[in-house]
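In what follows, a single structure is set out as structure tokens and then discussed.
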Number of protein chains: 2
Amino acid sequence: MTTVPSDLLTASRAGTARPSTTNLTLLLERVHRGGPASRAQLTRESGLNRSTVGALVTELVRRGLVVEDDPDPTRQVGRPSPIVRCSPEVAALAVVPETDAVTVAVVDLAGAVRRRFRCETGHPPSAAEAVELVRGVLDAAAGPWQLAGLGLAVPGLVRATDGLVRWAPHLEWRDEPLGTMLGEATGLEVLAANDANAGVLAEHLFGAAQDATQVLYLNGGPSGIGGGIIINGELVMGAEGYAGEFGHTQVAPPGAEPKELEAWVSRQRLLDLLGLESASDDVLTDALHHVEDEALQAEVLRQLDALALGVRDMVNALNPQRVVLGGFLGSLFERAPEHLLQALRAQALRPSWESVSVVRAALGSDLLLVGAAELVFQRVIERASLTAA
Amino acid sequence: MTTVPSDLLTASRAGTARPSTTNLTLLLERVHRGGPASRAQLTRESGLNRSTVGALVTELVRRGLVVEDDPDPTRQVGRPSPIVRCSPEVAALAVVPETDAVTVAVVDLAGAVRRRFRCETGHPPSAAEAVELVRGVLDAAAGPWQLAGLGLAVPGLVRATDGLVRWAPHLEWRDEPLGTMLGEATGLEVLAANDANAGVLAEHLFGAAQDATQVLYLNGGPSGIGGGIIINGELVMGAEGYAGEFGHTQVAPPGAEPKELEAWVSRQRLLDLLGLESASDDVLTDALHHVEDEALQAEVLRQLDALALGVRDMVNALNPQRVVLGGFLGSLFERAPEHLLQALRAQALRPSWESVSVVRAALGSDLLLVGAAELVFQRVIERASLTAA
DNA sequence: ACGGTATTGTTGGCGCACCCAACATATGGG
DNA sequence: CCCATATGTTGGGTGCGCCAACAATACCGT
């Protein structure tokens, strides 16, 4: 596994005349994030010269990163402009270990999931098992594309530099060098992150946080509450990659003992009240939407109150533009949005409150796969500035 | 007051061939942050070519941003290399309104406070008063330098775009357009921020957070607890500039009702126990260092426990490299460092805990002045990339 | 005193990325 | 069929950084 260059502020672009972020990366990022666009559009949006855009696109095509399609057939005055889009031949392998399965997928540079393998285990897989499962689908993952790397999203604390899983309670892992193991097993470069961090990356790319540069993301899954932060348009990883753990924030609703946010806001308690043994997010969402029950309603409001307390502190600390609620937190929110908003309005500092909007996550079950792949694509896009390639 | 360019990710360096951050800014930033250095040193550190460094330094001299001194007389083999340092003629006006005074200072690009005017008011000044006081010292602030702008550090919520003070409880201000007023009164460009945000900028530049890129800063002053966050080497301002308000974080030590962090960690209660009417930070620090008293000691430990709870959640959320404690929080910490560390160790997630070091702030009373000026210098350094000038 | 070695500033030539202007190409409308 | 409009393409210019060779200044040994 490759070490992430620390990119210190005082460091220099040693030895090369070219700054680390060129207009090549600018265009590639635009097409990656914003989808297909005509050369003319890119010219307008980028402010670059027509001829420059032409040269840059040609170079990106030469490197196999984008392809050019025939112009939009909607007839307009003037010479038609070819459509530039991400090459379907550039892809990443996304790996997401969960409590009862390991999901492996091929995601292309456009963000489309091209293949998905859900390897059920029925029990929390060991790291070695996970690696075996990935190795097992590697052949089946072959296709008309090249894998640029492997993106790993783990429900736990993962060291960003080498993919060492420090602690993943629901997988019962401690200090498992999964990143290194996957790198050796696949020969691919491995980029690793916490699952919620991958999630917020995806929501920022294609979801509910697309147009925001300051984002607070909270996700509720079977394995608790995780979070991700985007500041100045960049994912906050922290010193070693452990940022975003606000499921353990201490929260104390009025008159109650303080407990971790996860203890108050519990997916399991909702399932119990709904009489569901275990359920996918879709089923849970549906139930939360339809079931009328006094006890359930009371629990929902209690959980929203606790959530508001946790979110309040983070909103005051970070002054985000947008708060995105994913997983069952989104379903909770949808059931009584005004309740959460009211609680937040009453408690957050007014100026910070006024600049934030709270929304439900927009992406579905592919969220983590897209986010994990994005870890790889960030690297690919960065590297587009290098002369070599 | 000039609007801060939003600098969206998708935006481009429209119209210019040069990327927004050139090696010109790189060198200027190095000399600004790291102090004087010989050309040879700059060459080694930057990885740039000798001739390039020569050309860049010449250009910086031409623009009046740096000056070159005679080489270090310590005899070494080889041709002596001239020393490059920030020009003493480039300065910023720093303005810090407080509850009983308005401090105005001239700070030069090297970070030295060249003039300081403390205009006592004896009561919280109004915004109009503050502007008058600044206008009053403007003549006296003249000297062998040029003012590149005005940096404003306010104990409260300040909108970054225009310096509108949304709420400054201790000044009893609400929605005072101080930034605009100062801009009109002085003709200078105004950059504004919360005081703790200015503080962390200064600590990051010259103080206890110099070598860290992920910093959590908490400051305890007469006007409560403020904070600042640095991520990836950049100050986190949030969507509108209100980031860093973690004095209002809810905190509940075991068995106690949750209250705001500020309610638990209180400068006033320390003064009461010490029998001091009001005291400067220096006096308070000294007293905390020397006075042996059981009730005081108990209070100190209680406050540290509460502080640990607040810091714990932020450490888990942000995984910083360093936590810097300023003002009386630093004094508290120094009195019983092990107590705070122990409490944190017991509560923070282990991996996040292992990657963080807690230290006391290193800068003294000039902190806010240097930080406010830095708001201006950041802009100056950015602009060094523009061809014109 | 003098030449040798080491380090660094300086100069001229080159490459690369971008801009601009002019021209070529492709469309819709009279 | 020709014109107006919009856009790709080509050739030349500019700015910034690299490199190599040379000039300047130090220490050192004889």
Side-chain angles (χ1 to χ4, degrees), chain A residues 12-28 36-63 66-84 384-389, chain B residues 12-28 30 37-63 66-84 384-389:
Chain A
S12 73
R13 357 194 150 343
T16 171
R18 211 162 303 93
S20 61
T21 170
T22 70
N23 289 337
L24 213 57
T25 72
L26 190 79
L27 287 190
L28 183 53
S38 71
R39 283 200 194 184
Q41 245 171 301
L42 296 178
T43 303
R44 275 189 299 270
E45 290 177 21
S46 69
L48 292 172
N49 195 282
R50 274 212 302 266
S51 41
T52 307
V53 171
L56 292 175
V57 169
T58 306
E59 175 63 16
L60 288 174
V61 169
R62 195 187 66 75
R63 298 193 190 184
V66 305
V67 293
E68 284 192 290
D69 288 344
D70 288 338
D72 193 334
T74 63
R75 308 303 196 171
Q76 301 177 43
V77 193
R79 177 172 175 173
S81 190
I83 305 290
V84 182
S385 62
L386 300 174
T387 336
Chain B
S12 73
R13 356 191 152 343
T16 171
R18 209 163 304 95
S20 61
T21 171
T22 70
N23 289 338
L24 213 57
T25 71
L26 190 78
L27 286 190
L28 183 54
R30 161 61 183 83
S38 72
R39 282 200 195 183
Q41 243 172 302
L42 295 177
T43 303
R44 276 190 298 271
E45 290 178 20
S46 69
L48 292 171
N49 194 281
R50 274 211 302 264
S51 39
T52 308
V53 170
L56 292 175
V57 169
T58 306
E59 174 64 16
L60 288 174
V61 169
R62 195 187 65 74
R63 297 192 191 186
V66 306
V67 292
E68 283 192 290
D69 288 344
D70 287 339
D72 194 337
T74 63
R75 308 302 195 175
Q76 301 178 44
V77 192
R79 176 171 176 174
S81 190
I83 305 290
V84 182
S385 63
L386 300 174
T387 336

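Keep in mind that what you see is a predicted model, and the values were worked out from it rather than measured. The sequence lines fix the lettering, A, B, ..., with proteins before strands; numbering per chain opens at 1.
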Check the phosphate of [N] against [X], side-chain N and O only, distance under 4.0 Å to OP1 or OP2. Yes or no?
X	N	result
Arg44(A)	dT7(D)	yes
Asn49(A)	dC20(C)	yes
Asn23(A)	dC18(C)	yes

request  = Look at the side chain of Arg50(A) against the base of dG8(D) and say whether a donor-acceptor pair falls under 3.5 Å; ignore hydrogens and angles.
outcome  = yes
message = So for Ser51(B) and dC19(D), does any side-chain atom that can act as donor or acceptor lie under 3.5 Å from a complementary atom in the base?
response = yes
inquiry  = Pick the closest DNA chain D nucleotide for Arg39(A) and for Val53(B) by heavy atoms, then say which residue is nearer the 5' end.
reply    = Arg39(A)
ask   = Does Thr43(A) or Thr52(B) map to a spot on DNA chain D nearer the 5' end, using the closest nucleotide for each?
value = Thr43(A)
key: Sugar-phosphate only, base, or nothing, as touched by Pro82(B) at under 4.0 Å among non-hydrogen atoms   = sugar-phosphate
task = Report which part of the nucleic acid Ser81(B) touches: base, sugar-phosphate, or nothing (heavy-atom distance under 4.0 Å, all strands).
result = sugar-phosphate
Atom-to-atom span, [atom1] of [X] to [atom2] of [N] - whole angstrom:
X	N	atom1	atom2	answer
Asp70(B)	dA26(D)	CG	C1'	15 Å
Arg79(B)	dC22(D)	CZ	P	16 Å
Leu56(B)	dT10(C)	CG	P	13 Å
Leu60(A)	dA17(C)	CG	C1'	14 Å

ask   = Hey, does the side chain of Arg30(B) reach the backbone of Leu42(B) with a donor-acceptor pair shorter than 3.5 angstrom?
value = no
query = Counting N and O atoms only, with roles assigned by atom type, does the side chain of Ser81(A) sit under 3.5 Å from a partner on the main chain of Ala40(A), one being a donor and the other an acceptor?
reply = yes
query = Atom CG in Asn23(B), atom CG in Leu48(B): separation rounded to 0.5 Å?
reply = 4.5 Å
